[in-house]
**Student:** 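Take this structure first; my questions come after.
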Amino acid sequence: MPRFQRPTGTLDILPEEQSYWEHVRAHAIRLARRAGFERIDVPVFEATDLFARGIGAATDVVEKEMYTFNDKGGNSLTLRPEFTAGVVRAYIEHGMHVRPQPVKLYSIGPVFRYDRPQAGRYRQFHQLNLEILGTQDPAADLEIMLLVWDLYAGLGFRGLSFQLNSTGCPRCRPAYVELLKSYYHRHVDQICDDCRRRLETNPLRVLDCKAAQCQPVIEAAPPIGDHLCDECADHFAQLREYLDLLGKPYTLNHRLVRGLDYYTKTVFEVWAAGIGAQAAVCGGGRYDGLAEILGGPSTPAVGVAAGLERIILGMKAQEVGVPPLPPPPVFLAHLGPEARQEAARLADGLRRAGIGAWLAFGERGLKSQLREANKRGASYVVLIGEDELAQGVAAVRDMRTGEQTEVGLAELVGWLQERTGR
RNA sequence: GUGGGUGUGGCCUAAUGGUUAAGGCACCUGGUUGUGGCCCAGGAGAUUGUGGGUUCGAGUCCCACCACUCACCCCA
């Protein structure tokens, strides 16, 4: 048992996992850039209050999942549990409202939530985050949804399900919440203990309950869609019209509510199978009030966060392949002190010419070096011994066929460039 | 925070409560003076998660803790 282990809920992403990560990251960034999103990197930690006010003091994330600490200056800081609050803070702080609106930003990196780990859930995990700030056009909501659509489809996911709802705005939601509460109070004897608690802390969440006894109550509950104000209803109708126009299948889910306080109007999730109990591979929506809450100019905005670990788990469950990260094609083996020097020189020369090269270390027998070359997956072994050195050549062994040819040291780089396609 | 499952070399697994904890994979060396994969031989690598307890004797039984894992809450 090692003396030190990784902290609970964290993951070491080992070399053999990296092909997934490279592929997913590269694909995500390609899609974001082609839709005009620019990258922004915000700090991994921010003032605690930014998250408390942005996400909502009564949410689970803020109440029990934040990594909060005091720095030596006595400031309360928190490892970001999501990107949006920090990105909106940066938007305000750098006066980005004077740029051509809207501003489209993407971020990718680790986020942190103190939670009990389970399949698809970690204390440090990674998100791709997309935000469109400065427009309330439903076309922006559409664009965000289309982008994650292409993200999953382009990676090869099948059987995805897009869940869509509108949860209204500060003008219409409070009245609906009251309606829902009074409806639930009339059925309080039929619902589960959790829902009785939710009714007080976060009433909308009762719609999301999975307890069997609550299902009939949820079925008969008043749907929020019937109680949106004109603006919200119109916005939602336009978004659905776009989606229908583009032939994108989605499920209207009036039970879809989301755990963060800042959402207004549009909320959506993408569900995928194969990640244990976790269905959502991404979640997002519109947050027209957040910038003002954080002390900035009123800025309507919409965004989404996609969990990279869940994407990769889903890909593995669906056996979606990724291109391998090839090892250096050339392995340099050597025999004798002078040959070793020449090999070191050649390794440098090959790499400068753009050819991946692995130099054998130590003074070992040729058999041992060839075994190593084989295990490292080299395509060619460049072998230099005293004999070759005396003739100014290297023996180049094709590891696939076993054929061996002598190549002049001066021509070696060009010879290998031709064969390794550089 | 709650509940279930699981902890034996890097990985997978074996060991009626009874010698020195066994095997496979992987790793290293050798089977050629300078030639990989297959094969053969050898080597290194474990105070059996930690700490207590029961017992003449514990990897094995009991307790606690820790970790991993799955699920709940909630979320990506």
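We use all heavy atoms of the structure for the numbers below, so side chains are in, but hydrogens, waters and symmetry mates are not. Model, not experiment: these values are computed from the prediction.
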**Student:** I want to check a possible cation-pi pair here: K248(A) against F162(A), using under 6.0 Å from ring centre and within 45° of the ring axis as the test.
**Tutor:** no
**Student:** In whole angstroms, how far is the C1' atom of G1(B) from the OH atom of Y114(A)?
**Tutor:** 9 Å
**Student:** Does C68(B) have OP1 or OP2 under 4.0 Å away from a side-chain N or O of T8(A)?
**Tutor:** yes
**Student:** Return no unless some side-chain N or O of R258(A) is found under 4.0 Å from OP1 or OP2 of A76(B).
**Tutor:** yes
**Student:** Can you tell me how far C1' in C63(B) sits from the matching atom in A58(B), rounded to whole Å?
**Tutor:** 15 Å
**Student:** Among C73(B), A76(B), U2(B), which nucleotide sits nearest the side chain of D60(A)?
**Tutor:** C73(B)
**Student:** So, for A333(A) and V381(A), which heavy atoms are closest and what is the spacing to 0.1 Å?
**Tutor:** CB-CG1, 4.0 Å
**Student:** For a quick check, tell me whether the side chain of K64(A) and the base of C73(B) share a donor-acceptor pair closer than 3.5 Å.
**Tutor:** yes
**Student:** Looking at the side chain of K375(A), which of C27(B), C70(B), C74(B) is the nearest nucleotide?
**Tutor:** C27(B)
**Student:** Starting from the 5' end of RNA chain B, give me the residue, G402(A) or R205(A), whose nearest nucleotide shows up first.
**Tutor:** G402(A)
**Student:** Which of these nucleotides, U35(B), G34(B), U29(B), is closest to any side-chain atom of E388(A)?
**Tutor:** G34(B)
**Student:** Give a yes/no answer on whether the side chain of Q118(A) brings an N or O atom under 4.0 Å of OP1 or OP2 in A71(B).
**Tutor:** yes
**Student:** Has the side chain of R121(A) got a donor or acceptor atom sitting under 3.5 Å from an opposite partner on the base of C74(B)?
**Tutor:** yes
**Student:** Which of parallel (below 30°), tilted (30 to 60°) and perpendicular (above 60°) describes Y183(A) and H187(A)?
**Tutor:** tilted
**Student:** Where the side chain of R371(A) is defined as all heavy atoms beyond and including C-beta, which of A76(B), A71(B), G30(B) is the nearest nucleotide?
**Tutor:** G30(B)
**Student:** Can you tell me which nucleotide in A76(B), C73(B), G3(B) comes closest to the side chain of C282(A)?
**Tutor:** A76(B)
**Student:** Taking 4.0 Å as the cut-off, does a side-chain nitrogen or oxygen of K367(A) come that near to OP1 or OP2 on U35(B)?
**Tutor:** no
**Student:** Would you indicate, yes or no, if G36(B) has its OP1 or OP2 atom less than 4.0 angstrom from a side-chain nitrogen or oxygen of S368(A)?
**Tutor:** no
**Student:** Closest approach to the side chain of R198(A), judged atom by atom: which nucleotide of U69(B), U35(B), C73(B) is it?
**Tutor:** C73(B)
**Student:** For a quick check under 3.5 Å, do E131(A) and Y287(A) share a side-chain donor-acceptor pair by atom type?
**Tutor:** yes
